[in-house]
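A quick write-up on the structure given underneath.
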Amino acid sequence: MPEANSHHPYAITLDVGSSLANKTGSWRTERPVYLDRLPPCNDACPAGENVQEWVARAEEGDYEAAWRQIMVDNPFPAIMGRVCYRPCETACNRATLDEPVGINSIERFLGDEAISRGWSVVVEAPPTGKNVLVVGAGPSGLSAAYHLALRGHQVTVRDDSPEAGGMMRYGIPSYRLTRDVVDAEIQRIVEMGVRLELGTSVTDLGDALVDFDAVFLAVGAHVGRRADIPAGDSARIVDAVSMLAGLAKGEQPLLGRRVAVYGGGNTAMDVARTARRLGASDAIVVYRRTRERMPAHDIEVREALDEGVRMRWLSTIVYAGADRVRIEKMRLDESGFPQPTGEFEELDADSVVLALGQQADLALVRDLPGVEIADGVVQVDGRMMTGHAGLFAGGDMVPGERTVTVAVGHGKQAARNIDAWLRSATYEHPERPELATYDRLNTWYYADAPATLRPQLDVARRITSFDEVTQGLTAENALFEARRCMSCGNCLECDNCFGVCPDNAIIKLGPGQGYEIDLDFCKGCGLCAAECPSGAITMIRERS
Amino acid sequence: MPVQRIKFYQTGSFAVGNRLLDPDQRSVQADTERTNSLTMGHRACQGCGEALGARYVLDAVMRATGNHAVTVNATGCLEVFSTPFPESSWRVPWLHSLFGNAPAVATGVAAALKAKGRTDVRVVGQGGDGGTVDIGLGCLSGMFERNDDVLYVCYDNGGYMNTGVQRSGATPHGAVTTTTPAGNSFRQGKSLPLIAMAHRIPYVATATVADLRDLEYKATRAMEFHGARYLHVLVPCPLGWRTASSETIQIARLATETGSFPVFEAVDGEVTDVTRIRRLRPVEDYLRPQGRFAHLFGDTPRGDVISSIQAEADRNIRTFGLVETTEVS
Amino acid sequence: MRSQIEGSRAVAETVARCRPEVVCAYPISPQTHIVEALSVLVASGELAPCEFVNVESEFGAMSVAIGASAAGARAYTATASQGLLYMAEALYNASGLGLPIVMTVANRAIGAPINIWNDHSDSMSQRDSGWIQLYAETNQEAADLHVQAFRIAEELSLPVMVCMDGFVLTHAVEGIDVPSQEQVDAFLPPFGPQQVLDPDDPMTIGAMVGPDAFTEVRYLAHAKHLRALEVIPRVADEFATTFWRSSGGLVRPYGCLGADTVVVALGSVLGTVKDTVDELRAEGVSIGVLGLTTFRPFPYDAVRAALRGARRVVVLERALAAGMGGIVTADVCGSVPDKPITTVIAGLGGRPVTKKSLRGLLTDAVADRLEPLTFLDLKHDVVERELS
């Protein structure tokens, strides 16, 4: 039998795999090309997090790597996981399929893991010898300090408050953001060598600009906007920002049993919910437009309603007395603007809390040459620099949405530009790739999986304590939630292209290495691109 | 260890590879060491479903048998595009005899192996729908009835594509072929899976190239049985179905999601498992992208034919319980 | 050991001693007794290891044999008549793939009209199928030819058809020396296939071959048949040495030397022809007989040599190529194109070829009174009436 093999019948019997001599790549009119598209979560993140990347690490169960990936852009994962309004989840393509990936809950899980495991960040960059002053120890200032420190600069943060955190400590109620989390995440920044000078007012930026190589200004917006409400002598009218700050400092605000909160923003919700926790039997939000037009985030409104907060939409307070307020009903005109109706009503209220927005205290910069102020905020250029060379600004005191996440993003952006400026260079933001929209995906490949809900404290406990309302995910849940990510626009090494090619023309390079097209054999059918779950392959015409 | 289906709810995606799974649970196709039973350089059309299906099935069989499998192939596209002298794309032992006799040839191979005591080597017969449901049906039925130790795989692309897209017994109702220019009026055609089940053979399953995991599971499961087994795989044909080469998998998926092609498995002639439709869609979604059904949506729309095709899909859904809420009748 | 035994039974027992590993069977008269006997031998364990496969058709039978042979097993089947035609496609395939399958054809007419009786229409219709065709004159030779057939087939990687006349031989009980197991084992080594479906040495068998190589493939097939012309007589010689009797070979001349007239024939009719010729020779007629044992490959040289001295040749055929005449005649003509040849169509559909008829026929032949194409015992009144 063995000698037989040399006698294969001519032409009828062939050697296995001999078709490799036939290079079918010559058939091709189009070729597949791997590309990275911008995932909508990344696109939407005000802090510029590479959300998809850290979710992918979490998906593999490597929580530390995931956390470190967040830390590349944002030093406050545990805080973000509690207070961020989740633009990433709003943008998430998975929402079209079933429900968005619970990015925020994973972030919180990672942030909490980091705190409980004591993960820290080590500055690897050599010291630059440059000194930067950050004015304001809020999210923006601390974010800038963190990013500058990472780049080897010596950073000093000054704030006139006794403790660092800004609005994270003095604005957001503790049932949303526990203070131990704030402490832990700030402490990590301090351990990187950032100098915190608290209880220290900066009064003259001119001196600072001489003493420091650059200054980042992030004093926030802590001045409550006033409204001119006719009021009786004994009326108790309180400013929301001051009240929340006072509470954070341990003061007990005297609001009475019936509290009217005037305004429709997140702060109004914070105040109303806080009032409930302080024992108010009746907390009523008075807002001049409709619920749809409320600036407060929906989740805040929902939680407030859950906790028994009442809402008076289409109403303004026209008079505040000792134990009641008079409100006028409003109607929306064609342009959506509220107009008085002349109908009045009275509500019982022991106090009125004004939550009509905040203003920045711009005393520091008012007289500084070159600094432009418009609409009550400091104007900055694309580099976050004011008109005064070397003076950068960010956070609530510059134009933009006033959220912790936006502020953190400003800090990062400013730090990058300050770093460049200190090196007499210009920071160039990498080109943003094309957005990975839903229609780019092949969602069939994603297993059906609704979002995991985070457990919430029951209402009874919520209104009697400042315990954190929303709990974290368990490790198992966080893992599941991470695995719901569709990796929009970026190869997740799912091997689909490698599998679905009828011509075996995809070369798998191994973990982390991705794939290559074997152009000797690729016929250009386009199956790999069509069946790529994440839309990370495109077809381009062959040049003839 | 018997092969088990993987529950994807907790383990990520249905994609070919799945880095979240243990290596031994990953698909055969994700493995760089896969056999590539049908390797590159073959002359199948761009986006050929049959080339894909054949590699999927045989690679899974090779893994399941520890590379101890031999193949018998009927005449047809698969044979022609893979073995034009002087080049073969097969990397498995492979024999081609005739159009209509692959099941019997496979029986002969199995008989020889049994006589020689080589029961470690398993036999796969394969062919297109023409070779299986039409010209090869006699031999196939004989193979079933004798319960010969052969897995026979039909790659169903609904017609005689190799000879230029003529109608076969598996051509679906309404489809235009070169011998049914006004659309196939022969209704559903032969359901060979049901015919196979009527033989009470140990294992019958259907699958498509759109669900690799399911296909590999079935090819693997089939190798756990001895005796006659039948696997019917839907493999869209861009040429004959007049679809874009990139749509092959998508179209197969629509065939199952509309109920046009029921995916199930049967042991000893009784249905034991059904792949439920994930997102039920009307048959129109399946028909419209295919040029062979374009006449149904032309200047004189054929709502009557579409309704009748929908009725056939509805019957599949009912009979096999393809939708979660539907009881198997 | 010589015993009184039916031809089919003798063939079955002989085949069993050749140790086939796969036998496939589909019933058709007059072949059925052979596979029936084999099924009993397999069931009893006398023939083991062997898979006996009851197929659903002759097409299936040949296909199972193809698969078995390609997988390296010695494969055998038997058929006749319509069954042979039903497997025709597979016959060409088996020879094209070079698979050494051995098959008994119990020769029978082809319908319509349906007719179960003996003639050579079936195997003659497959003369170009690429199979070696051997024709048995007696049941002893039928048995012996099977032993030789496996040797020839496996040495050449070609399938061999052993043709024996249906009923006349298959159902005739006579004294036959069925080769013993020891003898067969000594003569026939185990099957060592030239190529085999094997996971340890994968190859592609049965490629599609286009114009660039098809001619060469066919040329090589022809060359293999030419080689068979050397192998067949050698195997027959070796057989004679082992078994002490003469069977097989290419041709079997009987009194050809110096005979003016030679009758060429195949199969069992040779017995009657020889008897008739014996009588005529006793009466001083210069006449001999040439038996064709091997019809494919056609032994041109052996036939030419045997007919060298003949002044006229009579080819007695049990098949008819309508519109042409004698199938064997055309081939004999190729050997001796310069000699006058007449064709006698005899014994179609089981009509007996009697010594009386033959005697008349040959007397006419010797006197050059024979038409070039003669139908023995034709009922002229019937055909003339039908034709009028």
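Per chain, numbering begins at 1; letters A, B, ... match sequence-line order.
Taking the six-membered ring for Trp and thresholds of 30 and 60 degrees, A/W444 and B/F14 have ring planes inclined between 30 and 60 degrees apart.
In this structure, chain B has heavy atoms under 4.5 Å from both the backbone and the side chain of A/A21. Only the side chain of A/T24 comes within contact range of chain B, with at least one heavy atom under 4.5 Å from a heavy atom of that chain. Contact of A/F498 with chain B is made through backbone and side chain together, with heavy-atom distances under 4.5 Å. In this structure, chain B has heavy atoms under 4.5 Å from both the backbone and the side chain of A/T443. Within the 4.5 angstrom heavy-atom criterion, no atom of B/L212 approaches chain A. Using a 4.5 Å cut-off between heavy atoms, A/C522 makes no contact with chain B at all. Proximity to chain A is absent for every atom of B/L95, based on heavy atoms less than 4.5 angstrom apart. Within the 4.5 angstrom heavy-atom criterion, only side-chain atoms of A/D518, from C-beta onward, approach chain B. Looking at B/A244, neither its backbone nor its side chain comes within 4.5 Å of chain A, counting heavy atoms on both sides.
For the residue pair B/R279 and A/Y446, the shortest heavy atom distance occurs at NH2-O, 4.3 Å. A/A530 approaches B/S246 most closely through the heavy-atom pair CB-O, 3.3 Å. Shortest non-hydrogen contact noted between B/S88 and A/D15 is CB-O, 3.6 Å. Counting all heavy atoms, side chain and backbone alike, A/D495 lies closest to B/V16 at O-CB, 3.3 Å. Counting all heavy atoms, side chain and backbone alike, A/V16 lies closest to B/V92 at CG1-O, 4.2 Å.
The CH2 atom of B/W90 lies 13.0 Å from the CG atom of A/L14; values are rounded to the nearest 0.5 Å. For the atom pair CG of A/L527 and OG1 of B/T248, the computed distance is 5.0 Å after rounding to the nearest 0.5 Å.
Put simply, of B/E247, B/E257, B/R253, the one with the most heavy-atom pairs under 4.5 Å next to chain A is B/R253. With chain A as partner, the option from B/T83, B/V28, B/D211, B/V209 having the largest number of non-hydrogen pairs under 4.5 angstrom is B/D211. Heavy-atom pairs under 4.5 Å with chain B were tallied for A/G61, A/G499, A/G526; the largest tally goes to A/G499.
Not one N or O on the side chain of B/H42 forms a donor-acceptor pair closer than 3.5 Å with the backbone of A/N22. A donor-acceptor pair under 3.5 Å is absent between the side-chain atoms of A/S18 and the main chain of B/E87, judged by distance alone. Judged by distance alone, with hydrogens and angles left aside, the side-chain atoms of A/D503 form no donor-acceptor pair with the main-chain N or O of B/M40 at under 3.5 Å. Side chain of A/K23 to backbone of B/G41: no donor-acceptor contact under 3.5 angstrom is found.
The pair A/K508-B/E33 fails the salt-bridge criterion, with no side-chain N (NZ, NE, NH1 or NH2) lying under 4.0 Å from an Asp/Glu carboxylate O.
Interface residues of residues 43-60 of chain B toward chain A, defined by a heavy-atom distance below 4.5 Å and sorted by number: B/R43, B/A44, B/C45, B/Q46, B/G47, B/C48, B/A51, B/L52, B/R55, B/Y56.
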**OP:** Please test B/R34 against A/N504 for side chain to side chain contact (heavy atoms under 4.5 Å, CB included), starting from the C-alpha separation and ending with a verdict.
**Re:** CA-CA 11 Å; B/R34 73 189 186 203; A/N504 311 6; 4.2 Å; yes

